[in-house]
Protein chains: 2
Amino acid sequence: MVKMIALYKQPQDKEKFDEHYFQTHVPITAKIPGLRNMKVTKITGTPMGGESEYYLLCEMYYDSYEAFKEAMKTSEAKASAKDLMSFAGDIVTLMVGEEVEND
Amino acid sequence: MVKMIALYKQPQDKEKFDEHYFQTHVPITAKIPGLRNMKVTKITGTPMGGESEYYLLCEMYYDSYEAFKEAMKTSEAKASAKDLMSFAGDIVTLMVGEEVEND
C-alpha cells in the first residue's frame, strides 16, 4: 500500500481548525477516487508529557503509486488540495510513503 | 489505541541509518512490554514528486495511555530510547497520539 501523509503543526485556533477539518476537509477528501482508507491521528503531546509541535496526522491509503498519481489528477483531489491550502497551507507538510511489511 | 510516532528527517548516510534501524533499533524496540504493533513507513517523497524533508515514520501502538506510560518505565523502553539517541537523536521527533475512530 502507498500512502499520503499530511502532518499538521499546531493551528492558531484549534477549535476553528477542528471544525473545518472534520466538517469540511475530511468529507471533501473522502470523495477522491481510488482512496482506500483514511486514518486520522490526533497528536496529544510528546512522550515526556510536553506539548508537541504537531497537532494532527492523516494517512490516506492507495493501492499503488500509479493509483495515487491517477487520483491526484481528478477534480476531487484538486478540490481537496484547494481546500487544504485555504485553511492550513501554512501548517501542513505532505509526504508520500510506503509501509514496510513485517516479516 | 494510543500510539507513539517517531518521525525521522533525512539521515546523512541512508545506508548506515537503514542498517542500524532495521538490524538493531527495531529488534530492541520490539521487546518493549505492552507494545501491540509497530508499523514502519518509508517516506519516498512529496506528492509533487520532490524529495521530502522526512525519511521514515514509525508508529508504535499501545492499549491505552496508562499502558504506554507503564511501558516507558521498563528497562526495554530505556534501552530503545538510549539506542535511538545514539544513532538518530538529532533527526528524530517523537509524538504521542490517538487515532480518531471513523464513523
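Here the structure is a predicted model, which means the values were calculated and not measured. Residue numbering restarts at 1 for every chain, and letters A, B, ... go by the order of the sequence lines.
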J.: Taking atom CD of Q10(A) as the centre, report whether more than 12 heavy atoms of other residues, nucleotides or ligands fall under 6.0 Å from it.
T.: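 Yes, enclosed.
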
J.: For the residue pair M4(B) and P47(A), what are the closest heavy atoms and their distance?
T.: SD-CG, 3.5 Å

J.: Could you tell me whether K3(B) and E59(A) make a salt bridge, using a distance below 4.0 angstrom between a side-chain N and a carboxylate O?
T.: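 Salt bridge between K3(B) and E59(A), a charged N being under 4.0 Å from a carboxylate O: yes.
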
J.: Any ion pair linking K42(B) and E101(A) (charged N to carboxylate O, less than 4.0 Å)?
T.: no

J.: With a 4.5 angstrom heavy-atom cut-off, could you sort out which part of S52(B) is near chain A: side chain, backbone, both or neither?
T.: side chain

J.: Side chain, backbone, both or neither: which part of M72(B) has a heavy atom under 4.5 Å from chain A?
T.: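 Nothing of M72(B), per the 4.5 Å heavy-atom cut-off to chain A.
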
J.: Cluster question for you: counting only ILVMFWY and a side-chain heavy-atom cut-off of under 4.5 Å, with indirect links fine, are Y61(B) and Y65(B) together?
T.: no

J.: Just so I understand: if I count every heavy-atom pair under 4.5 Å between each of I43(B), V26(B), T46(B), L7(B) and chain A, which residue has the most?
T.: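 Maximum pair count with chain A is reached by I43(B).
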
J.: Honestly curious: do Y21(B) and I91(B) fall in one hydrophobic cluster under the side-chain, below-4.5 Å linking rule?
T.: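 Yes, it is one cluster - the side chains of Y21(B) and I91(B) are joined through contacts under 4.5 Å.
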
J.: Find out if a path of hydrophobic residues (ILVMFWY) with successive side-chain heavy-atom gaps under 4.5 Å connects M1(B) to M38(B).
T.: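 Different clusters: M1(B) never reaches M38(B) through Ile, Leu, Val, Met, Phe, Trp or Tyr contacts under 4.5 Å.
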
J.: Hydrophobic clusters here meaning ILVMFWY residues chained together by side-chain heavy-atom distances under 4.5 Å, can you tell me if V100(B) and Y54(A) are in one?
T.: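 Different hydrophobic clusters.
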
J.: Against chain A, work out which of T44(B), I5(B), V96(B), L56(B) has the most heavy-atom pairs shorter than 4.5 Å and name it.
T.: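 Option with the greatest count: V96(B).
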
J.: For each of V2(B), T93(B), L57(B), L94(B), tally heavy-atom pairs with chain A at distances under 4.5 Å, and name the one with the top tally.
T.: L94(B)

J.: Treat each ILVMFWY residue as a node, draw an edge where side-chain heavy atoms are under 4.5 Å apart, and state whether V40(B) and Y8(B) are in one component.
T.: yes

